[in-house]
S.K.: 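Here's a structure for you.
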Protein chains: 2
Amino acid sequence: MQNPTSVKDALHATAPAESILVQGWVRTRRDAKAFSFIELNDGSCLKNLQVIADATMPGYAEVVQKLTTGASIRVQGELIASKGQGQAWEVKAAQVELMGAAGSTYPLQKKGHSMEFLREIAHLRPRANLFGAVFRVRSRLAYAVHQYYQDRGYVYVHTPIITGSDCEGAGELFRVSTLDPMNPPKNEEGGVDYEQDFFARPTYLTVSGQLEAEVFACALGKVYTFGPTFRAENSNTSRHASEFWMIEPEMAFVDLAGNMDVAEDFVKYLIRDVQEHCADDLEIFGKFVDKGLKARLDFVLERPFQRVSYTEAMDILTASGKKWEHPVKWGDNLQSEHERYLAEEHFKCPVTVYNYPKEIKPFYMRLNDDGKTVTAMDVLVPGIGEIVGGSQREERLDVLEANMDHHGLNKEDYSWYLDLRRYGSVPHSGFGLGFERMLMFVTGMANIRDVIPFARTPGNAAF
Amino acid sequence: MQNPTSVKDALHATAPAESILVQGWVRTRRDAKAFSFIELNDGSCLKNLQVIADATMPGYAEVVQKLTTGASIRVQGELIASKGQGQAWEVKAAQVELMGAAGSTYPLQKKGHSMEFLREIAHLRPRANLFGAVFRVRSRLAYAVHQYYQDRGYVYVHTPIITGSDCEGAGELFRVSTLDPMNPPKNEEGGVDYEQDFFARPTYLTVSGQLEAEVFACALGKVYTFGPTFRAENSNTSRHASEFWMIEPEMAFVDLAGNMDVAEDFVKYLIRDVQEHCADDLEIFGKFVDKGLKARLDFVLERPFQRVSYTEAMDILTASGKKWEHPVKWGDNLQSEHERYLAEEHFKCPVTVYNYPKEIKPFYMRLNDDGKTVTAMDVLVPGIGEIVGGSQREERLDVLEANMDHHGLNKEDYSWYLDLRRYGSVPHSGFGLGFERMLMFVTGMANIRDVIPFARTPGNAAF
C-alpha cells in the first residue's frame with residue numbers, strides 16, 4: 001500500500017501529485033449532478049481537504065453516496081490544483097473505500113450542540129472543529145513550556161505524585177490507599193493502622209511539587225516541574241478542576257525581582273509561541289469563542305506587566321471609591337473582585353502583585369526586613385485572575401524554623417527540607433503556572449472543563 | 001550586581017573575561033602554599049570550574065580557608081586560560097563570598113557512599129556527580145520524547161490520572177478517596193456508599209492512558225501521552241516502582257507492522273539523542289556504572305531489531321536445549337529467563353516478539369485470522385527485558401464485544417470505548433514505553449530507585 005499523506009501535508013503541497021492516499025473522517029458530503037464533494041479531516045489540522053468523487057467512478061452509488069458525517073474513509077486519487085475557492089489543492093478520487101460507517105445515531109451531527117452536551121460526549125468532542133483546535137493548542141503549549149526551559153538550561157524534574165506531605169498545608173487532599181475501605185486494620189489506639197497501608201504511612205495526591213523541586217534547584221541550579229496536581233476542593237466553578245497540570249520552575253541564586261522577570265518572560269513566550277505555531281486554530285477561537293482574543297493577546301505582548309506591592313494595591317483599591325463585596329483591609333487576601341479590578345479596570349493589563357502580609361501566606365516564603373510581609377508574588381491577568389503564584393523561598397534556617405513554629409508545623413516532618421538550609425543554603429525562588437488557566441487565556445475558552453481531555457470535578461470522573 | 005555566568009558557560013568560553021561572577025557549591029578545596037584551588041559546581045554540567053584563590057586576597061583566612069565540601073559560594077573574579085591540565089579555563093578569584101556553610105555533619109562528604117545510603121538522603125544525592133548526571137539525562141530524555149513526537153505531527157494528550165476504569169483489568173490499583181477512612185458512609189446494602197465520595201463513584205490511579213489515548217487518535221490521528229502511571233503491586237524488585245512515567249503513542253491508520261516500526265525508530269532516536277546531548281554525563285556511567293555501556297548502545301543503533309513471532313520464539317526456546325525454571329509451553333507467558341535468553345543469548349540484540357496467544361493478553365488487542373493469537377508486540381532489550389509493550393487494537397465492534405464477553409467485562413462500563421468502533425472506526429495501534437526502564441537502559445543504572453527523584457515503592461513514600 002502507498003504511504004498515506006496527512007491532510008495537513010496535502011493542503012501544504014508545493015506541486016500536484018498523480019497518486020495520493022489520504023485517510024480520515026468525513027465532515028460533510030455534498031452531491032452535485034455529476035459528482036460529490038467530500039470534506040475530509042484527519043485531525044492533523046483544522047482545515048478539511050476537499051475530495052471530489054465523480055459519479056462515474058466505481059462504487060459511487062454503493063459507497064460515496066452513502067457516506068455520512070463521521071464515517072472513516074480511505075481515498076486513493078490525484079492531488080490537483082483546486083478550481084474552487086478556499087483551497088489551493090483538492091483530491092480527485094479514483095477510489096473511495098469505507099473503513100467505518102457512522103450512521104444516523106452518530107451524536108456529533110453538524111453543528112449547534114451545547115457545551116454541556118459536548119462534555120457528556122467527551123470521547124467524541126475532539127472530532128468537533130473547536131475541540132480539535134483546543135487540544136492541538138494544548139499540545140503545542142505544553143511543548144512550548146519544555147522548549148522555554150530546556151533552551152535556558154533548566155532541568156526537568158518529575159516530582160512525586162503520591163506524597164506523604166502537604167506542601168501548602170491546605171488540607172484539601174485526596175487520600176491514596178490500598179486498605180480495604182470496608183474493614184481497615186486498626187492500631188492499638190483504635191485508629192486506622194496505616195503501618196499496614198501500601199506505603200506504611202498515610203499518603204495523598206500532591207498539591208505541588210515545589211518542596212521537592214527546591215531539592216533539585218539546590219543541586220542542579222535551575223529546574224522545572226510539569227505534572228498533574230490535585231485539589232479535593234468542593235468548588236464547582238468554571239476555573240477549578242480537581243486534577244490539573246502545573247508548571248513549577250525553581251531557581252537557585254534568583255531573588256524575588258528575578259522571579260518576577262522569569263514569570264513575565266515565560267508567559268509572554270507562551271503567547272508568542274502559540275500565535276506563531278497555531279495561527280489557524282487561534283482563528284476559530286477568535287471567530288466563535290472570543291472576538292477580542294487576538295487584540296488582547298497582542299496587547300499583553302506589547303507592554304511590560306505592571307508591578308505593584310500588596311500595600312500599594314490596597315491603596316489603589318481603597319482610593320477607587322468602589323463598593324466592594326469584601327472590604328479592603330490590609331492583612332486580608334485579595335478577593336477575585338479586587339484582582340479583576342486591578343487587572344481589568346485600573347491597570348488594564350497583567351499585574352504582578354508582590355510582598356504580601358506574612359499571615360496569609362505559607363511558611364516557606366522569605367520574610368522581608370519589615371517583619372510584616374513576605375516575598376510572595378502573584379501574576380493577575382484580565383479575564384482569568386491569578387495565573388502565576390510564587391515567591392522567593394526562606395533560605396535562612398533560623399527564620400524558617402521560627403516560621404514553621406508559628407504555622408504549627410512539625411519540624412521533624414520537614415527535616416529533609418530544613419537540610420537544604422543546613423548545608424550550602426542559597427537564595428532561591430520559584431513559581432507555579434496553572435497550565436489550564438494559561439490555556440484558557442490563550443484560547444479564550446471560558447470553562448476549564450473544555451480545555452481538559454477528560455475533566456475531573458466534584459462528582460465527575462467519567463471516562 | 002553583575003549577571004552570573006553558569007559553570008557550563010564558563011567552561012565553554014571562547015575568550016577570557018576580565019570580570020566574571022560564578023555561583024555554586026564547593027566540591028573540594030585544596031590548599032597550596034600561596035593559594036587554594038576550589039572545585040566549583042553549580043549543577044549546570046558534570047564538570048567543575050576551578051577557582052584559584054590567592055592567599056593575599058581579602059578574606060582568604062576567614063572565608064576561603066574555612067570552605068568545606070557542600071558550602072555555597074559566590075565568586076567574583078577573572079576568567080583566564082588555565083595553566084593546569086584538564087580544563088581550558090579557570091577563575092582567578094578577586095572575592096569569595098560564603099552564602100551557606102555545610103559543616104562537618106554534611107552527609108555527602110567525599111566518596112564511597114553505598115547506593116542504599118544515598119537513597120536515604122535522596123534530598124541531597126542530586127549533588128553527587130553520579131546523580132546529577134542521572135537527573136540531567138532524565139531531563140534530556142524526556143525532552144527528546146517530546147521532540148520526537150512533536151516533530152512528527154503527534155498531539156500530546158494529558159489523559160486522566162484519576163480514573164473510574166481499570167484499563168488492563170489487572171486489579172492492582174490504588175484507591176483515591178476523600179471519605180473518612182475510620183467511618184465511611186454506608187449504603188443500604190451495608191457496603192461503602194461511594195455516592196458520597198468526592199467523585200460519586202469509586203476511583204483509582206491510572207495504570208495506563210491507552211483507552212483515552214485511543215479516543216484522541218480516533219479524532220486527531222496521531223497522539224501520545226507522557227505521564228505518571230501507578231501499580232499497587234507488592235513487588236520489591238530492582239525494575240518495579242509503584243509510580244513511574246510512561247509514554248504511550250496511539251496512531252490511527254497504523255497496523256501492527258507500522259507499530260513495530262515506530263517503536264524501533266523511537267527507541268533508537270532516544271539513544272542517539274542522549275549520546276549527542278549528554279556525552280559528558282554518559283562518560284561517568286561508562287566509568288563507574290557499566291563499562292560496556294557505550295559499546296552496547298552503539299551496537300543497538302547499528303542493526304535492526306530482530307522480529308520474531310511468539311510461536312517462533314517458543315520454538316527457539318524449545319530448541320535451545322536449556323533447562324528452564326518455567327517450562328516452555330505454547331500459551332504461557334514468556335518469563336524473564338525466556339526474554340533474557342532471546343535478547344541476550346540467542347539474538348544478542350533487541351527483539352520484537354509479536355502475535356501472542358489471545359488468552360494471555362488484554363481484551364482490546366486485535367484478533368488475528370488464526371483465531372488463536374492477537375496482534376500484541378513486546379520489545380525486549382538485553383539487560384532490561386521488556387521495555388515496550390503494544391498492539392494493534394481491535395477496531396471491529398462485533399469482535400471486540402465478543403472478546404469483552406469472553407473476558408467477563410461489563411460492556412456498559414465501556415460504552416464510550418465501544419463508540420469509537422460504532423462511529424467511523426479505523427485500524428489503529430499503539431504501545432507503551434516505560435520511561436524509567438529506558439533511562440536505565442541508556443545510563444546502565446541497575447536499580448529503578450536510582451533513576452527516579454523520589455521513588456515510591458512498597459513501604460516507601462518518603463520526602
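Letters A, B, ... mirror the listed sequences (proteins, then strands); counts begin at 1.
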S.K.: Can you name the nearest heavy-atom pair linking B:Ser242 to A:Phe198, along with the distance?
M.R.: OG-CE2, 3.1 Å
S.K.: At a heavy-atom distance under 4.5 Å, which candidate from B:Cys45, B:Ser44, B:Ala101, B:Ala142 has the highest pair count against chain A?
M.R.: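 Between B:Cys45, B:Ser44, B:Ala101, B:Ala142, the count favours B:Ala101.
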S.K.: Which answer fits B:Ala71, side chain, backbone, both or neither, if we ask what part of it has an atom under 4.5 Å from a heavy atom of chain A?
M.R.: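 Contact with chain A involves the backbone of B:Ala71 alone.
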S.K.: Would B:Thr105 and A:Tyr423 count as a side chain to side chain donor-acceptor pair (under 3.5 Å) here? Give the steps.
M.R.: CA-CA 9 Å; B:Thr105 61; A:Tyr423 305 118; 3.2 Å; yes
S.K.: Could you check whether any side-chain heavy atom of A:Tyr156 comes within less than 4.5 Å of a side-chain heavy atom of B:Phe135, counting everything from C-beta outward?
M.R.: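 The answer is no; the side chains never approach within 4.5 Å.
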S.K.: May I ask you to name which of B:Pro184, B:Ala200, B:Pro181 has the most heavy-atom pairs under 4.5 Å with chain A?
M.R.: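 Heavy-atom pair counts peak at B:Pro181.
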S.K.: For the residue pair A:Pro427 and B:Met99, what are the closest heavy atoms and their distance?
M.R.: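 So the minimum-distance heavy-atom pair works out to CD-CE, 3.5 Å.
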S.K.: May I ask you to check whether B:Gln150 and A:Ser139 show a side-chain donor-acceptor distance below 3.5 Å?
M.R.: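 B:Gln150 vs A:Ser139: donor-acceptor pair found between side chains.
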S.K.: Minimum heavy-atom separation for A:Leu173 and B:Thr178, please, with both atom names.
M.R.: O-CG2, 3.8 Å
S.K.: Walk me through whether A:Phe230 and B:Ile162 qualify under side-chain contact (heavy atoms from CB on, under 4.5 Å).
M.R.: CA-CA 10 Å; A:Phe230 305 86; B:Ile162 297 172; 3.7 Å; yes
S.K.: Show the atom names and distances, to 0.1 Å, of all donor-acceptor pairs under 3.5 Å that link a side chain in residues 211-221 of chain A to residues at least two apart or in another chain.
M.R.:
| from | atom 1 | to | atom 2 | distance (Å) |
| --- | --- | --- | --- | --- |
| A:Glu214 | OE1 | A:Tyr417 | OH | 2.9 |
| A:Glu214 | OE1 | A:Arg421 | NH1 | 3.3 |
| A:Glu214 | OE1 | A:Arg421 | NH2 | 2.7 |
| A:Glu214 | OE1 | A:His428 | NE2 | 2.7 |
| A:Glu214 | OE2 | A:Gln210 | NE2 | 2.9 |
| A:Glu214 | OE2 | A:Tyr417 | OH | 2.6 |

S.K.: Less than 6.0 Å separating the ring centroids of B:Phe199 and A:Phe174?
M.R.: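 Yes, the ring of B:Phe199 comes within the 6.0 Å limit of the ring of A:Phe174, centre to centre.
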S.K.: Of all heavy-atom pairs between A:Val155 and B:Arg136, which one has the smallest distance, and what is that distance?
M.R.: CG2-CG, 4.0 Å
S.K.: Restricting to non-hydrogen atoms, name the atom on B:Arg127 and the atom on A:Leu420 that form the minimum distance, rounded to 0.1 Å.
M.R.: NH2-CD2, 3.8 Å
S.K.: Do A:His158 and B:Pro228 make a side-chain contact, defined as non-hydrogen atoms from C-beta onward lying under 4.5 Å apart?
M.R.: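 No, every pair of side-chain atoms sits at 4.5 Å or beyond.
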S.K.: So, B:Phe226 versus A:Phe226, ring centres under 6.0 angstrom or not?
M.R.: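 Not under 6.0 Å, so no.
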S.K.: So which heavy atom on A:Trp25 is nearest to which on B:Gly424, and how close?
M.R.: NE1-O, 2.9 Å
S.K.: Are A:Gln147 and B:Tyr143 packed together at the side-chain level, in the sense that at least one heavy-atom pair is separated by less than 4.5 angstrom?
M.R.: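 A:Gln147 reaches B:Tyr143 side chain to side chain.
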S.K.: Could you tell me whether a side-chain N or O of A:Ser177 sits under 3.5 Å from a main-chain N or O of B:Arg175, the two making a donor and an acceptor?
M.R.: no
S.K.: Can you tell me how far CD1 of A:Ile161 sits from CZ of B:Phe244, rounded to the nearest 0.5 angstrom?
M.R.: 12.5 Å
S.K.: Restricting to ring pair (Phe, Tyr, Trp, His ring centres under 6.0 Å), what partner residues turn up for A:Phe463, sequence neighbours left out?
M.R.: A:His123, A:Phe454, B:Trp416
S.K.: Do B:Pro160 and A:Glu243 have side chains that approach each other closer than 4.5 Å (heavy atoms only, starting at C-beta)?
M.R.: yes
S.K.: Heavy-atom pairs under 4.5 Å with chain A: which of B:Ser6, B:Gly24, B:Ala252 has the most?
M.R.: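 That would be B:Gly24.
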S.K.: So, do B:Pro4 and A:Phe253 sit near enough that their side-chain heavy atoms are less than 4.5 Å apart?
M.R.: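 A side-chain contact under 4.5 Å is absent here.
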